[in-house]
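Shown next, in structure tokens, is the structure this report addresses.
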Amino acid sequence: MTDSGAFRRHAHEVADWIADYFEEVEGFPVRSQAQPGDLLAALPSSAPEQPEPMERILADFRQLIPPGMTHWQHPSFFAFFPANSSPPSVLAEMLTAGMAAQCMLWETSPAANEMEARMMEWLQELLGLPGGWRGVIQDSASGATLCAMLAARERERENTVVDRLAFYTSDEANSSVHKGARIAGFPLDCIRSIDTDEHQAMKPDALAKAIKADRAAGLTPACVVITLGTTGTGAMDPLAEIGEICRRENVYLHVDAAWAGSALILPEYRRLLNGIEYADSFVFNPHKWMFTNFDCSAHFLRDPESLQRSLSINPVYLQNTSDEQITEYRDFGISLGRRFRALKLWFVIRSFGAEGLREKIRSHIEWTRELAGEIDAAEDYELVTGPNLALITWRYAPEGASGAALDELNERLLQAINDDGRLYLTRGSVNGRMVIRFSIGQTRTEARHVRSAWKTIKKIAVTI
Ligand SMILES: *Cc1c(COP(=O)(O)O)cnc(C)c1O
């Protein structure tokens with residue numbers, strides 16, 4: 001197992017497998033057709049006592065694993081939001097695994113630390129985020145948003161106790177926001193879901209009212225999390241209006257742009273950042289729509305010190321030689337241990353170039369607009385929301401079907417599409433009614449995949 005000649009041989013074989021996978025992934029059903037328990041039944045119930053040859057392990061991998069996977073790198077993956085990779089990103093991940101460094105301190109990995117600093121500066125500039133903010137790579141948007149809430153809590157701690165702190169987000173916020181608020185210790189009866197308007201965006205006046213009521217009741221409004229590009233429909237909470245309220249009320253504002261943030265590299269979408277000067281932090285996921293392997297979440301903070309104050313613990317065994325100039329990222333996140341995540345960003349951004357990234361994201365948005373037009377014009381179909389960047393929601397609505405029967409019909413259609421395997425879509429809900437989401441953004445998607453997906457949908461719809 002530690003024989004370097006054998007490792008070299010197997011590594012070449014694995015590289016070939018990955019290259020073949022990229023070429024052949026289109027041939028797999030996108031959503032795994034596995035049944036619950038399929039893999040469990042194929043795996044021995046106990047660990048082997050004796051070493052097994054890598055040949056056998058790799059053969060079992062080839063036979064058992066791909067059929068049990070949903071293929072996120074399939075060009076007809078239109079479900080959820082993408083979790084992309086790309087060849088440069090995979091190469092960087094292989095190198096990261098090879099060095100297997102634990103990057104908790106500058107001293108344990110100086111290049112990883114400084115690469116992270118520079119990549120966050122690159123992204124800050126590419127997205128047009130305010131200068132002077134500090135970036136850090138987190139494992140996920142969930143983790144970054146939780147950290148933002150901890151920073152918000154820390155800011156208020158001098159003034160009040162945690163069980164008086166109130167938290168606000170919209171009823172369309174990602175589930176991770178509500179979960180984070182609980183973990184950060186906001187009392188359950190002080191976590192507010194603010195109403196949204198007909199575009200699923202948070203209503204600023206409803207927020208202002210809730211803050212006022214909470215103050216009157218003796219609570220301290222501490223944190224607002226808004227979303228640019230909600231998971232359900234891609235809705236944009238009004239940053240500038242809400243930002244003004246937060247500034248006036250002295251409430252911490254965090255912007256969750258997990259998916260939509262990538263589109264900010266397009267100058268024509270910069271306006272989405274109007275009002276960012278009011279925010280305290282911002283997160284987006286290069287691992288969603290910037291062709292970088294999971295996990296890689298870019299978190300930017302105006303005042304990193306409030307987070308550091310909340311998380312910094314400096315026992316003797318972590319004291320080291322680094323100097324003032326160096327940021328110790330362990331004080332920016334939950335875990336002590338850190339992966340070298342910046343390397344894949346360096347590979348991806350250099351390999352695509354900013355223009356290459358823009359071109360890809362721009363075409364995803366363009367194809368979404370075209371598809372939205374087709375659906376809107378089609379007799380038996382209804383475009384429900386969007387296009388918001390590269391996401392639409394729609395439903396099959398043949399004459400005569402309505403209410404719960406229509407929901408049920410769309411549920412059946414969605415299931416039939418995903419069982420068919422040529423494309424993969426997921427559901428949403430708008431005004432309490434079932435919709436089907438169509439999200440374009442996979443690294444390998446081309447216009448032909450979108451067009452053929454639409455044809456497939458229409459063909460399947462008439463058979464259900
Ligand atoms: C995907 C998503 C998240 C969660 O991202 P993770 O990196 O998986 O934690 C949070 N917010 C929004 C708006 C998302 O779309």
> Going by heavy atoms in the side chains, are Leu207 and Ile242 under 4.5 Å from each other?
Replying inline: yes
> Parallel, tilted or perpendicular for Trp454 and Trp394, by the 30°/60° rule?
Replying inline: perpendicular
> Where do Asp139 and Arg338 land on the salt bridge (charged side-chain N to carboxylate O under 4.0 Å, His left out) test, with the steps shown first?
Replying inline: CA-CA 9 Å; Asp139 58 350; Arg338 310 187 82 244; over 6 Å; no
> Under a 4.0 Å N-O cut-off, is there an ion pair linking Glu13 with Arg62?
Replying inline: yes
> Just wondering, do Val283 and Ser297 contact through their side chains at under 4.5 Å, heavy atoms?
Replying inline: yes
> Considering only heavy atoms from C-beta outward, does the side chain of Leu266 approach that of Ile365 to under 4.5 Å?
Replying inline: yes
>> Just verifying a value: how many Å separate Thr145 OG1 and His178 NE2, rounded to the nearest 0.5 Å?
In response: 11.5 Å
>> So that I can tick it off, tell me whether Glu366 and Arg369 are bridged by a salt bridge, with the cut-off set at under 4.0 angstrom between side-chain N and carboxylate O.
In response: yes
> From Phe291 CZ over to Ser262 OG, what is the distance, rounded to the nearest 0.5 angstrom?
Replying inline: 7.5 Å
>> I'd like to know whether Lys203 forms a salt bridge (charged side-chain N to carboxylate O under 4.0 Å, His left out) with Glu241, so could you lay out the CA-CA distance, the side-chain angles of the two residues, the decisive distance to 0.1 Å, and finally the verdict.
In response: CA-CA 9 Å; Lys203 288 183 181 164; Glu241 279 174 89; over 6 Å; no
>> Less than 4.5 Å apart, side chain to side chain, heavy atoms only: is that true for Arg433 and Asp407?
In response: yes
>> Could you tell me if Arg31 sits above the aromatic ring of Phe77, with its cationic atom closer than 6.0 Å to the ring centre and no more than 45 degrees from the axis?
In response: no
> Are Arg444 and Phe22 in a cation-pi contact, defined as NZ or CZ under 6.0 Å from the six-membered ring centre and within 45° of the axis?
Replying inline: yes
Under 3.5 Å, side-chain donor or acceptor atoms of residues 456-464 against the rest of the protein: list the pairs with distances, not counting sequence neighbours.
residue: Thr456; atom: OG1; partner: Ser452; partner atom: O; Å: 2.8
residue: Thr463; atom: OG1; partner: Ile460; partner atom: O; Å: 2.6

> Given side chains that start at C-beta, do those of Phe78 and Val450 come closer than 4.5 Å, heavy atoms only?
Replying inline: yes
> Does Leu123 reach the side chain of Phe284, with side-chain heavy atoms less than 4.5 Å apart?
Replying inline: yes
> Hey, are Arg9 and Glu55 close enough for a salt bridge, meaning a charged N less than 4.0 Å from a carboxylate O?
Replying inline: yes
> Is a side-chain N or O of Thr385 found less than 3.5 angstrom from the main chain of Ile392, in a donor-acceptor match?
Replying inline: no
